[in-house]
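First up is the structure itself, then whatever we jot down about it.
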Amino acid sequence: MEFELSTSPGSHDASPDRSEAERQALFLGLLLRDAPAVEYERPVLRARSDGADAKTIAALENAKLAALRVRSVLRDRQRRESELSALFETANDLAGMRSLDQVLRAIVERARRLLGTDVAYLTLSDPEAGDTYMRVTSGSVSATFQRLRLAPGKGLGGLVASTSLPYVTANYFADPRFEHAENIDHGVREEGLVAILGVPLRMNGRRVGVLFAANRRERPFAHSEVALLSSLATHAAIAIDNANLIDDTRRALDELHVVNERLQRHTASVERSADAHDRFTDLVLSGGGVREVAAAVAEVLGGTVRIHDRVSDTSVTASPEGTAGEFAPGGDPLAEGDEALAEAARASLAGGRAVSVGEAWVATAAAGTEPLGTLVLYGVELDGIDQRVLERAAMVTALLLLIRRSVSETEHRVRGDLLNELLEVPARDPESLRQRAALLHTDLDAPHVLVVAEAPGGDPQRLRSAAAFAAETTGGLAAVRGGRLVLALPGTDPSDTGRRVTAELTTAVNGPVTAGLAGPTRGPESFRSAFTEAVRCLQTLRALGRTGDTATTDDLGFSGLLLSRDRDVPGFVATTLGPLLEYDAERGTLLVRTLRAYFAAGGNLSRAKDDLHVHVNTVAQRLERIGRLIGEDWQRPDRALELQLALHLHGLLDKGVDLLGDQAVDGNEDG
């Protein structure tokens, strides 16, 4: 049977003569084009208006109801398919997320979009506080709401969290099923929420939070919406669990990385410690010194190391680039005003361990309770093993200093014995003395300067140590004789050599050192006479009150002339009166005669002018010129005495008196 399927408003779709099949086809057409529900009433209304019988109208009503049911089922299935598609899409999106914050925000955004609500939010449980707190929101405008905390059983969220069941309310403030709390109600009211749906978040049987969807007007949430949000909450719980696992894994990897780095540093420290142990052992066995220890510590640990030898009061500094220089007198890092370093050194001595102070590490090299030296390491941070390396370096330094002190004391004693024998009367066999000196790398036939020094206010031990160091480093000799320090140092200039070593001694004792100087010597036989002359110079300096000064006989003027065994009378006269003698010789003046007359008149100008037969102004003018030639202090008592002695000796030389006889005799004796 042929018929026309038409669902247009003007068609005679409800005529009485239509068959059952035609009526069904009519409603199927409406279903196919997804017509609105109101169009399903038109066939029934038209049949009634056309006068169809009751049976026909009843058949149309039945067909209409069946079509509407089919339409509803199709709509439900479409919605379900859409929801399932959205859930699958959500699950896929969540599976690709690695950050927990990213996962939570995606869950809330998707819940708001799927349910079409004004606001969606998620709370998480706080095991320590025993409540839940707002974690993520979407669509929220209230800061108070975003900071809410929900006590157990309080509000809709508290009820969901405590029962692990979904709850829905069309009007939050009018719902008596849950206990209202002032802070929660205030936050909900400020956000303007009315209808709220909450479903639990469960993870491995544990309640971890609540997922909410809410509207700012009354709205009854359907069972399908509750089921949809619950499904989303299930996916969310799985995603949260995965994100937590990823975070835990990341933290575990970070911890493993940290542990690995620590293990690598520990391994490197152990290797450095083993390397340092081997190097220190080799240093001791090969006869190395503190300088080599400093270089080894700087290379193994890095940074800059400074080792101070308290015995000889010398220091050496080394860095990874190399040793900064040889040992130099002084330079104690603890004597440079840093009380923190000094306190650290005392603590290291007491505890036997390296001590950290600021950016430095301090370790004391000690023999028992006696500090022998100090190691200060700058610029590096040490772990436990590296500290042991620095402490082991301090032990090796102490051992080397003890060995060196023992050897040095023996050598100094031998050097002192040799010098004392050179100064004895009668002198020992010169050849034997030369042989013994050669063993000490000293040449007695080379010129030497004799220095006899004393420092009444200084530390005798530091003075002797500094003198021994000076003698050892220059190939000289040092001894203590008659309570005075005696040095015989290679050199030809007594003044230069003496002043240099006296300056070093002054620095060592931190006080004035007075020294008499003599020399140079001419073989082993001349050491005794040079020593005697140096002693006389020292005694003269003391008598003149010139503490802290140094002098040779030449430096002492006429006093030196009287003390010197080699009396150079012409030289003394030339040194004292030279400018006047030259002036008289060049210009034919009488300055020397005027000076002699002035002293003879007791400094009286009138008597002097009578002796010279000139005007008193002429005498004054000549004396003024004398002052310009020999110095304005010529009338000072000691200068005046030197000038009078020189004038007297000059007169004797002019008369042909032999003033060198004793010198010739002494020279023959020396020869």
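Fair warning: this is a prediction, and the values are worked out from it, not measured in the lab.
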Any chance you could measure [X], atom [atom1], to [Y], atom [atom2], to the nearest 0.5 Å?
| X | Y | atom1 | atom2 | result |
| --- | --- | --- | --- | --- |
| Asp611 | Asn604 | CG | CG | 11.5 Å |
| Leu647 | Leu577 | CG | CG | 5.0 Å |
| Leu595 | Leu591 | CG | CG | 8.5 Å |
| Arg481 | Leu419 | CZ | CG | 8.0 Å |
| Asn617 | Leu605 | CG | CG | 9.5 Å |
| Glu624 | Leu629 | CD | CG | 11.0 Å |

Do any N or O atoms from the side chain of [X] and from the backbone of [Y] form a donor-acceptor pair under 3.5 angstrom?
| X | Y | result |
| --- | --- | --- |
| Thr618 | Val614 | no |
| Ser348 | Ala344 | no |
| Thr576 | Ala646 | no |
| Ser526 | Gly523 | yes |
| Thr550 | Arg499 | no |
| Thr474 | Ala470 | yes |
| Thr514 | Gly548 | yes |

task: For Glu533 and Ser529, test the side chains for any donor-to-acceptor distance below 3.5 angstrom and give the result as yes or no.
output: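 Short answer, no.
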- prompt: Strictly by modelled atom types, are Tyr583 and Arg625 linked by a side-chain donor-acceptor pair under 3.5 Å?
  reply: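 Judged by distance alone, the side chains do pair up.
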- request: Apply side-chain contact (heavy atoms from CB on, under 4.5 Å) to the pair Lys609 and Tyr598, showing each step before the final yes or no.
  value: CA-CA 8 Å; Lys609 61 100 176 173; Tyr598 175 76; over 6 Å; no
Salt bridge present between Arg528 and Glu421 (N-O < 4.0 angstrom): no
- prompt: Can you list the steps and then say if Thr317 with Val305 is a side-chain contact (heavy atoms from CB on, under 4.5 Å)?
  reply: CA-CA 6 Å; Thr317 302; Val305 63; over 6 Å; no
statement: Taken in chain and number order and not counting sequence neighbours, the residues that satisfy salt bridge (charged side-chain N to carboxylate O under 4.0 Å, His left out) with Asp496 are none
statement: ring pair (Phe, Tyr, Trp, His ring centres under 6.0 Å) pairs touching residues 519-540, sequence neighbours excluded, are His448-Phe527
- request: Would you indicate whether Asp610, at its atom CG, is surrounded by more than 12 heavy atoms from other residues, nucleotides or ligands within a distance under 6.0 Å?
  value: yes
side-chain contact (heavy atoms from CB on, under 4.5 Å) assessment of Leu580 paired with Ile630: CA-CA 8 Å; Leu580 303 181; Ile630 64 174; 3.8 Å; yes
message: With side-chain contact (heavy atoms from CB on, under 4.5 Å) as the criterion, how do Leu485 and Val452 come out once you've worked through the C-alpha distance, each side chain's angles and the decisive distance to 0.1 Å?
response: CA-CA 6 Å; Leu485 183 66; Val452 180; over 6 Å; no
task: Evaluate salt bridge (charged side-chain N to carboxylate O under 4.0 Å, His left out) for Glu454 paired with Arg542, printing each intermediate quantity in order.
output: CA-CA 10 Å; Glu454 60 184 13; Arg542 190 194 309 150; 3.1 Å; yes
